[in-house]
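Heads up: the structure comes next, in structure tokens.
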Amino acid sequence: MMRRVFSVPQVFPVGLAAARHCSSLTAQFDRNTYKPTPTEAKRHEKLRLTAMERIQLFCDPGTFRERDALVEHECHSFGMEKRKIAGDGFITGTGKVFGRPVFLFSHDFTVLGGSLSGANAAKVVKVMDEAAKIGVPLIGFNDSGGARIQEGVVSLAGYADIFLRNTMFSGVIPQISVIMGPCAGGAVYSPAITDFTFMVDQSSYMFVTGPEIVSAVGGKKVTKEELGGPKVHGSKSGVSAGTFPNDLVALAQLRKLYTYLPLSNRDPAPVVPTTDSRYRNVDCLNTVVPLDAKEAYDIRDAINPVIDAESFFEIQPQFAKNIVCGFARVEGRTVCIIANQPKVQAGVLDIDSSVKAARMVRFADAFNIPIITFVDVPGFLPGVNQEYGGIIRHGAKLLYAYAEATVPKITVITRKAYGGAYDVMSSKHLRGDSNYAWPRSEIAVMGAPGAVKLLYSKETAEQQAERVKEYEAAFCTPLSAARKGYVDAVIQPHETRLRICEDLERLARKNVKNPWKKHGNIPL
Ligand code: HXC
């Protein structure tokens with residue numbers, strides 16, 4: 001594969017001033033004469049930008065080219081013939097981010113609540129088709145009340161056209177949604193099919209039906225925030241990949257995220273030149289894992305020294321905190337990180353963490369991004385709620401995703417790898433390419449006390465204490481796995497960065513294909 005090299009400027013324009021300096025024929029503002037309308041001024045007070053400002057700030061200055069700015073809706077019901085606005089409330093087009101192409105759409109909530117009509121749906125469909133044809137990501141700035149009620153089934157048809165393309169192009173081009181206002185109905189289902197959905201604090205909401213309908217149907221009064229605010233979707237439902245404090249930060253962070261992504265499944269991820277040597281001293285890794293096996297530590301302290309400095313872009317930081325997922329770079333190359341987090345619930349795998357990690361694995365695999373897995377996991381979380389909630393089905397998603405993934409897979413067991421979770425977390429048996437264990441890691445069916453309780457329940461407490469020691473010596477080490485070749489090497493923590501750099505360089509040539517099938521049947 002060809003290595004594509006480009007440089008990421010450290011500073012790029014943010015702020016309304018930058019928007020004013022962006023020239024565009026169709027922009028509603030001009031660099032010298034721009035004066036916000038009262039509606040715009042009201043939005044600016046809350047750091048909420050207009051649909052066009054969002055696009056202009058996301059794209060490199062002067063690169064946005066609008067499509068279909070003059071399209072109007074064709075609805076004649078409910079007096080709509082008198083409410084025609086050029087563009088029909090959606091801005092669509094193409095631009096560049098750090099010199100790389102992108103397709104975009106942006107809803108204008110000030111036009112009929114950013115609602116979707118037959119006409120503006122066709123605009124979105126047009127840029128989606130073009131993005132897929134060329135192989136370029138699609139970014140949507142969502143701020144919409146959903147299907148335009150006045151258009152009835154025409155707008156439902158428009159949504160179905162978009163959903164179909166979201167699905168067809170899933171795994172072909174990266175699709176990212178940013179929720180920047182109250183979004184309802186179809187305006188949340190399209191993002192739900194895209195790869196990542198981000199939200200903006202204080203101003204964005206996502207729900208299938210708004211609070212008024214919810215209280216009319218269920219009788220329960222609920223605020224927009226309670227029903228579908230960033231807190232709910234960022235930490236409870238797992239719908240959101242992350243929350244940004246305002247529009248400006250969201251756009252800046254999105255530009256950053258863009259630098260990790262390949263344009264399509266036919267393109268390699270960009271390689272960013274770095275001076276961060278593979279030989280950098282990472283002795284700090286030797287003391288990351290506490291001597292006491294029960295003591296917690298932050299797995300980010302193991303991740304950060306291994307990857308290029310300050311290159312971690314975390315996905316879903318507030319959801320299922322017992323697993324850490326995100327993008328990073330190693331020697332400038334994009335990688336995906338999946339890591340059990342011993343600091344939260346001892347890093348146990350449960351329903352939410354399994355689903356979170358499975359989605360990350362599948363994104364990485366779809367877009368040929370190597371996966372680095374850090375393992376410190378005591379097993380799957382036992383419990384009635386987990387069983388009733390379908391931990392079997394959800395845990396199987398992660399198992400399936402890792403097993404199916406053909407991208408380079410590097411695994412580092414930092415401490416515990418117990419039970420089924422050992423198998424799941426990118427083990428050798430699931431085609432891990434390089435599997436390492438740090439010297440004090442424990443690879444076993446379960447922890448010593450649990451095993452002894454099961455096997456020697458009739459023995460006295462003293463006898464059991466002896467058995468625990470025996471079990472720990474025999475099983476709670478990486479040696480039995482290493483002797484069988486289940487880990488390729490037991491390495492000192494400070495060797496990890498160098499090993500991973502060497503592996504990624506070698507594995508860039510990896511070419512594995514799964515047996516032909518129409519598609520698999522991942523346990524949904
Ligand atoms: C037409 C709409 C609209 C819609 C909002 N507006 N949603 N117009 N179709 N879907 C208009 C309002 O009439 C109003 O017009 C303006 O946009 C601003 O709306 P407000 O309600 O004043 O704004 P706000 O208080 O911020 O509330 C935002 C909202 C609310 C929570 C999104 O508007 C809302 O609940 N809308 C309906 C949401 C919904 O149920 N959508 C589902 C559609 S069905 P004026 O002229 O007064 O400024 C759907 C199915 C798709 O999408 C298929 C799914 C699989």
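Just so you know, ligand 1 is whichever comes first in the structure, and atom 1 is the first atom listed for that ligand.
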(request) Output the list of atoms in ligand 1 that are nearer than 4.0 Å to some heavy atom of Y189, sorted by atom number. (result) 54 (C), 55 (C)
(request) Output the list of atoms in ligand 1 that are nearer than 4.0 Å to some heavy atom of Y159, sorted by atom number. (result) 51 (C), 52 (O)
(request) Give yes or no for whether the N/O distance cutoff of 3.5 Å, strictly under, is met between F109 and ligand 1. (result) no
(request) Begin from the C-alpha positions of D143 and R54 and carry the test salt bridge (charged side-chain N to carboxylate O under 4.0 Å, His left out) through to its verdict. (result) CA-CA 11 Å; D143 196 347; R54 286 168 180 163; 3.0 Å; yes
(request) Check whether the side chains of Y402 and S427 place a donor and an acceptor atom closer than 3.5 Å, and report yes or no. (result) no
(request) Show which atoms of ligand 1 fall inside a sub-4.0 Å distance from at least one heavy-atom site of G186. (result) 49 (C), 50 (C), 51 (C), 52 (O), 54 (C)
(message) Parallel, tilted or perpendicular, judged at 30° and 60°: which one describes the rings of F363 and F367?
(response) tilted
(request) State whether a side-chain donor-acceptor pair under 3.5 Å links S115 with R148. (result) yes
(request) Look at atom 9 (N) of ligand 1 and say which protein heavy atom is nearest, naming residue and atom and giving the distance to 0.1 Å. (result) I149 N, 3.2 Å
(message) Any non-hydrogen side-chain atom of Q386 less than 4.5 Å from a side-chain atom of H394?
(response) no
(request) Determine, counting only non-hydrogen atoms of the protein, whether one lies under 4.0 angstrom from atom 21 (O) of ligand 1. (result) no
(message) Checking a contact table here: which protein heavy atom is nearest atom 2 (C) of ligand 1, and how many Å away?
(response) L112 O, 3.6 Å
(message) For atom 35 (O) of ligand 1, what's the nearest protein heavy-atom neighbour? Residue, atom name and distance, please.
(response) G210 CA, 4.1 Å
(request) Please indicate, with yes or no, if any protein heavy atom is found under 4.0 Å from atom 41 (N) of ligand 1? (result) yes
(request) In sequence, state the C-alpha distance, the side-chain angles, and the governing distance for Y422 and H429, and then conclude on ring pair (Phe, Tyr, Trp, His ring centres under 6.0 Å). (result) CA-CA 10 Å; Y422 154 75; H429 325 285; 5.5 Å; yes
(message) Considering non-hydrogen atoms of the protein only, which is the closest contact for atom 48 (O) of ligand 1, and what is the distance?
(response) R83 NH2, 5.0 Å
(message) Between Q341 and D298, do the side chains contain a donor N or O and an acceptor N or O under 3.5 Å apart?
(response) yes
(request) Examine the side chains of S190 and N166 and answer whether a donor and an acceptor come within less than 3.5 Å of each other. (result) yes
(message) Suppose I only count heavy atoms of L156 and a 4.0 Å limit; which atoms of ligand 1 are within that range?
(response) 50 (C), 51 (C)
(request) State whether any protein heavy atom lies less than 4.0 Å from atom 33 (O) of ligand 1. (result) no
(message) Among all protein heavy atoms in this structure, tell me which lies nearest to atom 24 (P) of ligand 1, with the distance rounded to 0.1 Å.
(response) K224 NZ, 3.8 Å
(message) How far is atom 29 (C) of ligand 1 from the closest protein heavy atom, and which atom is that?
(response) P182 CB, 4.3 Å
(request) Look at atom 17 (O) of ligand 1 and find which of G89, S155, G113 reaches it with the closest heavy atom. (result) G113
(message) Taking a cutoff of less than 4.0 Å between a non-hydrogen atom of the residue and any ligand atom, is R148 in contact with ligand 1?
(response) yes
(message) Suppose I only count heavy atoms of I213 and a 4.0 Å limit; which atoms of ligand 1 are within that range?
(response) 40 (O)
(request) Determine whether the side chains of R329 and T259 contain a donor N or O and an acceptor N or O closer than 3.5 Å. (result) yes
(request) Ignoring hydrogens, tell whether any protein atom lies closer than 4.0 Å to atom 46 (O) of ligand 1; use the non-hydrogen atoms only. (result) yes
(request) Starting from atom 10 (N) of ligand 1, find the nearest protein heavy-atom neighbour and note its residue, name and distance. (result) A147 O, 2.9 Å
(request) Give a yes-or-no answer on whether the side chains of D108 and T110 include a donor-acceptor pair shorter than 3.5 Å. (result) yes
(request) Please identify which atoms of ligand 1 are closer than 4.0 Å to at least one heavy atom of A184. (result) 38 (C), 39 (C), 41 (N)
(message) Protein non-hydrogen atoms only, distance under 4.0 Å: does atom 12 (C) of ligand 1 have such a neighbour?
(response) no
(request) Check whether any side-chain heavy atom of T197 sits under 4.5 Å from a side-chain heavy atom of T194, and report yes or no. (result) yes
(request) Go through ligand 1 atom by atom and flag the ones less than 4.0 Å from a non-hydrogen atom of S115. (result) 1 (C), 4 (C), 9 (N)
(request) Could you label the plane-to-plane angle of the H107 and F90 rings as parallel, tilted or perpendicular, counting under 30° as parallel and over 60° as perpendicular? (result) tilted
(message) For atom 39 (C) of ligand 1, what's the nearest protein heavy-atom neighbour? Residue, atom name and distance, please.
(response) G145 O, 3.6 Å
(request) Before signing off on this row, confirm whether F163 and ligand 1 have an N or O atom pair separated by under 3.5 Å. (result) no
(message) Please identify which of these residues, K96, R65, R255, R100, meets the salt bridge (Lys or Arg N to Asp or Glu O under 4.0 Å) condition with D60.
(response) R255
(message) When you compare the side chain of F103 with that of R67, does any pair of heavy atoms fall below 4.5 Å?
(response) yes
